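Have a look at the structure below before the remarks.
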Amino acid sequence: ASVEKDQNTDLSGPPSDPNPKLPKEVSRVNRELLELLEDETTLSSRFPEFSNDFISGLVTNGRHRAEELFGVPLEGESYDDVVDGTENPDFSKSKRDFKEPLIVASQFPVVENGSAAAGLGRFGAMMQRVVPVSQQANVLLDITKGIAESEKLRGKRQFFAVGLRGLAVPQFRSLCPFPKERALVSLADPFNLRTLPQCAHTKYRSMSGFCNNIALPNRGKESTIYRRLLDSNYGDGVAEVRRSVTGQALPGPRLISLTVFDGEESPRYDMSALNAHFGQFVAHDMANSPSSKTADRQTPKCCDTTAQPTHPDCWPIDIPTSDEISAKNGRTCMEFVRTLPGVRPGCTLGAREQINQVTHFLDASTVYGSTDEEALALRTLDGRGELKTVKPIWNFPHFTVMTPDASGCADATGRQCFKGGDQRTNVQPGLTMMHTIWMRNHNRLAEILLAVNPHWNDEQVFQEARRLSIAQLQHIVYNEYIPNFLGSLVMDSFGLSLLKNGRYAGYNITAHPAITSEFAVAGFRLHSTIPPVIALRNMDNSKAGSKLLRNAWFQPFDLYQGEYFVQCTAGMAAGALDKMDHHFTDETRNHLFQTFPSQIGLDLPAIDIQRGRDHGLQPWVKYRELCQLRVPKSFEELKVMDVMPSIVVDRMASIYSSVEDVDLFVAGTAERHVAGGMVGPTFACIIGEQFFKLKSGDRFWYENDLPIPSAFTQRQIDEIRKTSFAQLLCTNVDALEKIQTRVFHAANEHDNPLLLCSSLPDLDFSAWKE
Ligand code: HEM
Ligand SMILES: [Ca+2]
């Protein structure tokens with residue numbers, strides 16, 4: 001398929017708007033500030049129609065349950081205790097034996113080892129540290145449901161769950177892992193030297209993201225909840241699946257995937273496959289939604305209809321009778337488990353929210369992990385400041401791979417999977433390549449920085465190399481990667497373009513850096529762009545083989561061979577990306593995480609749709625409205641608007657009762673692209689908003705101009721600006737001889753020729769001499 005003419009630039013605002021912001025965002029910020037200042041009210045004063053007895057009954061039940069879960073209330077863990085530069089106490093290691101009675105009491109069936117569903121469970125494996133957070137969340141959800149299900153609320157539940165938000169249950173305050181937000185320093189003058197909290201004096205980010213924001217230190221920390229662009233939409237206003245505007249059930253995700261999406265090929269020969277592999281790596285830096293598990297942290301089996309009771313977070317996906325592929329392979333239901341619920345700051349009541357168990361910031365948490373423990377397990381701690389590696393036998397002295405993961409993932413010859421900073425490191429070899437390259441970049445920088453500063457100790461070398469590598473990652477993402485997807489117009493209108501010189505003065509302590517559910521669960525799931533194969537190339541550009549993804553899930557073992565490593569890098573730079581549209585490769589739509597000898601796997605777009613409902617996303621039209629895009633009233637009008645191919649509209653109309661029901665992921669994926677970009681305007685808006693917050697809300701943003709030690713010197717920033725991904729690949733992939741300058745674009749002789757690696761200059765590290 002040829003590349004379609006890019007059109008449709010009805011994104012709001014002139015490109016040169018000096019202060020680009022979504023209008024609703026402004027009011028949202030104000031509302032958040034108000035919430036900060038507001039005193040806690042009690043349930044009965046906010047909702048006078050409820051009797052005190054009714055409410056105290058619920059609260060007593062909730063407290064009873066909380067006591068069962070948590071034992072005696074926690075002590076000495078008030079907000080003030082945690083702002084002196086240390087991180088939040090680790091609840092999972094506290095003396096109490098946390099148990100979820102409902103889950104512990106029951107024996108649930110679990111998925112078979114080595115099945116596709118087990119692969120998905122592994123992708124969303126649950127860290128021990130989020131267990132107590134989700135238990136607390138479940139108690140609060142029970143109370144919220146109890147109130148919302150009462151007779152008095154019939155008809156206005158949706159409103160109610162929103163109204164409850166911000167209401168704390170005072171009895172639970174001491175249990176809350178994320179206390180109510182109260183600004184610790186003046187928001188108007190945050191960097192006043194007299195009031196700076198201790199953690200603002202450190203030059204380096206914490207591993208968890210804690211205290212990146214010195215006024216509200218839990219913002220962007222791992223294990224906190226996703227932010228929302230719009231309030232949640234659940235069928236019961238609290239946690240159940242969204243319903244059609246007709247009141248009926250929505251069409252099932254697999255039916256939608258089979259009907260609206262198809263398996264036609266649509267490569268983009270002008271863009272490289274590296275966009276997908278690097279993109280996945282970047283996505284995993286910002287989001288990891290843990291899926292719910294059994295008490296012993298196994299993945300529950302949701303398609304077992306004989307099991308009683310079923311796991312409360314089971315949301316299996318229906319297989320329609322029209323599904324020939326599933327029928328042929330004897331599949332009648334697809335496994336799906338909901339994301340673990342999380343708590344709002346202050347553990348207030350309200351509708352279900354979801355946990356992100358990695359740092360929200362773009363901070364290479366994929367390389368270093370999201371807690372001190374994870375980082376320590378990866379470090380050499382031997383004075384070199386490096387990350388652990390293994391050196392397979394190959395004739396290039398610097399050829400290393402990540403340290404093996406002893407968790408049991410290995411091939412028949414005993415070669416093990418790899419241990420990176422993220423639990424998804426081994427999902428597919430292209431991603432494992434990215435992890436390895438960034439691990440090597442850290443070690444290369446550590447070696448150089450130690451040579452420049454021989455007096456540095458292990459901690460200093462490690463932190464300096466980490467800090468510089470993160471800066472390079474940020475630079476590559478904003479300079480080379482997202483502009484391809486958003487186009488220069490959207491880049492500018494969201495204030496995403498980098499400065500050519502000088503420093504960024506836009507740091508905003510009230511900009512909430514957390515990832516939005518809209519971004520993690522729809523807008524940045526660029527799953528339609530995934531090409532079907534991992535292709536290999538030799539240095540003379542001849543093909544060296546390729547592997548379908550269905551044969552490569554969780555099999556990174558080829559990386560132990562040096563030739564594979566360089567061939568795969570060259571292959572990703574030379575191979576085509578897929579177009580973002582309603583065509584999905586069969587590898588993800590029918591064969592996700594398929595294992596031998598099974599002929600079928602999961603359906604990624606179907607899972608994406610179900611995940612959107614799980615997180616309570618609003619339908620697509622609501623985000624069109626938020627983004628000030630034209631909102632269709634009917635499928636007919638949508639067809640006339642011509643913002644997506646009419647065949648997609650026909651297909652949607654054949655299964656959805658109303659255009660107002662269409663899921664964000666479905667229509668967002670199919671929209672025609674913004675000018676100069678590779679995604680439609682709704683996703684561009686969601687992605688643009690997010691990357692703006694990741695920059696303006698990150699105290700450690702590499703271009704920042706702040707009067708604290710975290711800032712780079714001007715000379716260092718100027719050096720970081722010389723980073724390109726081509727150069728980074730050249731310096732970290734032994735035996736890579738040449739590559740195109742703009743690696744995310746296809747090489748061509750006219751304006752993106754293959755260049756010798758030796759012609760790409762490295763940074764001048766003397767700027768780091770102390
Ligand atoms: C071979 C390539 C890829 C595979 C196999 C893959 C697979 C998956 C799977 C299985 C999930 C979790 C689904 C769920 O349970 O909800 C997921 C989530 C996600 N993917 Fe991908 N993906 C790939 C590439 C990409 C790319 C190219 C991007 C974007 C540039 C991306 C962005 C995301 C995001 C943002 C999430 C959400 C993470 C979370 O909330 O935990 N993925 N992907
Ligand atoms: Ca991160």
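Below, each value reflects all heavy atoms present in this structure, side chains not excepted, and no hydrogens, waters or symmetry copies. Given the structure is predicted, the values throughout are model-derived calculations rather than measurements. First listed ligand is number 1; within each ligand, the first listed atom is number 1.
- A cation-pi contact, defined as under 6.0 Å to the ring centre and within 45° of the axis, is absent between R344 and F178.
- Taking the ring axis of F565 as reference, the NZ or CZ atom of R440 stays within 45° of it and closer than 6.0 Å to the ring centre.
- Ring geometry for F665 versus F683: interplanar angle of 30 to 60°, hence tilted.
- Sorted by chain and number, the residues within 4.0 Å of ligand 1 by heavy atom are L120, F123, Y226, A276, G279, Q280, A283, A287, N288, S289, R424, Q428, Y481, A520, F524, R525, L526, H527, I530, L549, W553, L592, F593, L604, I607, R611.
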Task: Audit row: K693, D698, salt bridge (charged side-chain N to carboxylate O under 4.0 Å, His left out) steps and yes/no - done: CA-CA 8 Å; K693 294 292 168 64; D698 181 2; over 6 Å; no
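- Between K301 and E112, at least one side-chain N (NZ, or NE/NH1/NH2) sits under 4.0 Å from a carboxylate O, which counts as a salt bridge.
- The aromatic rings of F281 and H435 lie perpendicular to each other, with more than 60° between the two planes, well past the 30° mark.
- In this structure, R589 forms no cation-pi arrangement with F584, as its terminal cationic atom is not both closer than 6.0 Å to the ring centre and no more than 45° off the ring axis.
- Taking the ring axis of F554 as reference, the NZ or CZ atom of R122 stays within 45° of it and closer than 6.0 Å to the ring centre.
- Within a radius of less than 3.0 Å around the Ca ion (ligand 2), the protein N, O or S atoms are D285 O, D285 OD1, T359 O, T359 OG1, F361 O, D363 OD1, S365 OG.
- For the pair R467 and Y702, the cation-pi test (distance below 6.0 Å, angle within 45°) is failed.
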